[in-house]
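Contents: one structure, followed by commentary.
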Amino acid sequence: MTNDDDKTWKREELGTELRRVREAQGRNLRSVAADVGLSHSHLAKLERGEWKRRPSSDLLVKLAGSLDLDAVALAELAGLEFVVRSPEQ
């Protein structure tokens with residue numbers, strides 16, 4: 001997955017799901033943002049569908065881990081290809 005500014009990924013769907021799960025867990029933006037290494041304002045943009053660049057596989061893994069979600073399913077929801085590389089690549 002690249003970080004190109006790409007209009008083909010489903011940013012609204014990803015953001016809606018992230019917010020839905022986060023709120024269902026009773027967590028705030030700052031808590032999840034701290035888990036994944038983002039500012040709360042960047043996570044808010046991602047949740048609102050205002051994040052222009054496709055999120056990296058690494059970020060999706062961190063978000064999935066923080067919210068107890070499946071990273072591959074999260075990528076598929078957003079219409080993104082999830083790339084897993086071996087350590088030697």
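Scope of the values below: all heavy atoms of this structure, side chains included, with no hydrogens, waters or symmetry mates.
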Inset, instruction - Could you check L69 against V21 for side chain to side chain contact (heavy atoms under 4.5 Å, CB included), going step by step and ending with a plain yes or no? - result: CA-CA 9 Å; L69 297 171; V21 172; 4.0 Å; yes
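- In this structure the side chain of L14 reaches within 4.5 angstrom of the side chain of L46, judged on heavy atoms.
- For the atom pair CD of E81 and OG of S57, the computed distance is 8.5 Å after rounding to the nearest 0.5 Å.
- With hydrogens and angles disregarded, no donor-acceptor distance shorter than 3.5 Å links the side chain of W9 to the backbone of R11.
- Of all non-hydrogen atoms in L59 and P55, the two that sit nearest each other are CD2-CB, 3.9 Å.
- Counting only residues at least two apart or in different chains, side-chain hydrogen bond (donor to acceptor under 3.5 Å, both in side chains) contacts with residues 60-71 comprise R27-S66, D35-S66, D58-K62.
- The CG atom of L38 lies 4.5 Å from the CH2 atom of W51; values are rounded to the nearest 0.5 Å.
- Remark: R48 engages R19, A44, K45, E50 in a side chain to side chain contact (heavy atoms under 4.5 Å, CB included) (not counting sequence neighbours).
- Here the side chains of L80 and L60 are in contact, with some heavy-atom distance below 4.5 Å.
- The main-chain N or O of L67 is found under 3.5 Å from a side-chain atom of Q25 such that the two form a donor-acceptor pair.
- Atom-to-atom distance recorded for T16:OG1 and K10:NZ is 12.5 Å, nearest 0.5 angstrom.
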